[in-house]
S.K.: 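Submitted below is the structure of interest, expressed as structure tokens.
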Amino acid sequence: MKTLLQNKPNSYCETGNYHTFCPISCVSWLYQKIEDSFFLVIGTKTCGYFLQNALSVMIFSEPRYAMAQLEEGDISAQYNEYSELLKLCLKIKKDRHPKVIFWIGTCTTEIIKMDLESTAKKIEAEIEVPIVVANANGLDYSFTQGEDTVLASLIKKAPLRKKNYLNPTTPQLFLFGSLPNFLSTQLSLELSTQGIKVAGWLPSSKFTQLPSIAPGDFVCGVHPYLSRAASTLIRQRKCKLIIAPFPIGPDGTRAWIEKICITLGYSISGLKEREKQIWNKLVEYTNKLEGKTVFFTGDNLLEVSLARVLTSCKMKVCEIGIPYLDKRYQAGELELLEQICQEQGIRMPKIVEKPDNYNQLDRIREFQPDLVITGMALANPLEARGINTKWNVEFTFAQIHGFGNSENLLKLITRPLSRTEHLVHT
Ligand code: SF4
């Protein structure tokens with residue numbers, strides 16, 4: 001912790017005037033992960049337009065999400081929200097047979113103070129399908145934090161494994177964070193090679209298979225944006241949180257497994273060699289990145305982890321913009337970044353929480369970085385000014401976790417640099 005305090009001057013807050021996706025976008029990956037779910041976003045046309053555009057072709061594949069579009073009468077309380085939502089949920093139950101319905105609250109439900117929780121309780125009893133309420137509004141959260149609020153609400157529905165004195169349960173390990181099934185299997189296998197058994201994942205691929213957690217169980221996150229889910233597990237389910245760097249890139253994956261092994265008292269075998277082997281295979285990419293400068297404008301909370309991988313590749317990070325930084329939940333990640341900076345004899349990069357895109361553009365003009373990792377609103381204008389960009393939303397949807405996806409990750413980052421090189425030489 002002492003070392004983190006030394007870095008305090010390196011992180012500061014701006015105005016929060018930045019581009020990001022609305023957190024309701026999390027329905028796009030969560031409905032695919034939780035196969036027996038249905039997501040109902042309760043909002044206005046604005047939310048509908050956003051979902052329709054941001055999720056593009058997905059909307060033609062009969063997805064298991066829909067909008068409950070609020071009208072003038074809902075906002076001026078002329079309609080009864082209970083009967084309107086009951087009608088919709090009965091229709092969803094009849095047509096799609098979900099085992100759980102998620103209600104996603106938006107800015108409007110927040111502003112007009114719709115009491116979704118108590119309405120959900122009544123409707124849940126009526127339709128006999130569990131309803132999970134999560135407020136993923138754009139007033140309080142950005143982009144990936146949508147998954148965080150959904151997970152925090154889902155955890156409350158996970159069954160409790162009761163301890164009894166005749167048959168005391170030994171603490172088990174649960175991992176949290178939504179990943180495609182094959183990726184969560186890969187990470188579970190990595191841990192099993194060290195002798196560690198993963199008792200379950202939150203979310204599970206089916207709501208009906210939510211793992212049962214007991215007080216004293218160990219939990220560890222796989223995404224840097226799950227601080228609410230982590231505090232729900234600590235405070236409400238009395239779990240022990242393993243604070244580790246996140247399994248992104250060869251360095252992060254090695255450190256993540258190592259931290260779990262140390263906490264659970266397992267000996268570590270062959271991890272350093274494994275990491276080295278992966279880096280050796282990535283020389284083609286790391287050679288391209290070495291010495292180049294990179295700037296993160298910040299929108300998805302993956303920024304510190306990505307900056308840490310790129311620092312390991314000997315890139316110089318000009319600035320890490322990030323919507324929100326929970327220094328306790330990300331402590332493992334920050335320590336690893338600092339350790340890598342110390343090994344290379346460089347300063348910790350500046351972390352700018354709630355950045356201001358206008359100020360950032362001035363700084364980009366000044367730094368002239370080789371690569372800016374940013375949203376689509378700024379990407380094309382920057383490209384037109386001769387600055388290479390990478391669209392940061394891709395890191396949310398691409399597979400970047402674990403040793404096996406390290407090449408995938410570096411490929412994404414080097415692609416814009418290679419494209420420019422190619423254009424220069426043709
Ligand atoms: S920011 Fe608010 S109004 Fe806009 S799409 Fe998101 S929830 Fe809807």
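These figures come from a predicted structure and were not determined experimentally. Order of appearance sets the numbers: ligands from 1, and atoms from 1 within every ligand.
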S.K.: Quick test: of every protein heavy atom, which one is nearest to atom 4 (Fe) of ligand 1, and how far off is it to 0.1 Å?
M.R.: T46 CG2, 4.1 Å
S.K.: If you measure from CD1 on I196 to CD on Q172, what distance do you get to the nearest 0.5 Å?
M.R.: 13.5 Å
S.K.: Would you say the rings of Y329 and F246 are close, in the sense that their centroids are separated by under 6.0 Å?
M.R.: yes
S.K.: For atom 6 (Fe) of ligand 1, find the nearest protein heavy atom and state the residue, atom name and distance (0.1 Å precision).
M.R.: C22 SG, 2.3 Å
S.K.: Between F21 and F50 (judged by ring centroids, cut-off 6.0 Å), do the two rings come close enough to count as a pair?
M.R.: yes
S.K.: Around atom 5 (S) of ligand 1, find the nearest protein heavy atom and jot down its residue, atom name and distance.
M.R.: C47 CA, 3.5 Å
S.K.: Using a 4.5 Å cut-off on heavy atoms from C-beta on, say whether the side chain of E319 contacts that of I351.
M.R.: no
S.K.: Can R254 and E258 be counted as an ion pair, charged N to O under 4.0 angstrom?
M.R.: yes
S.K.: Which atoms of ligand 1 sit under 4.0 Å from any heavy atom of T106?
M.R.: 7 (S)
S.K.: Determine, considering heavy atoms only, which of C107, G138, A54 sits nearest to atom 2 (Fe) of ligand 1.
M.R.: C107
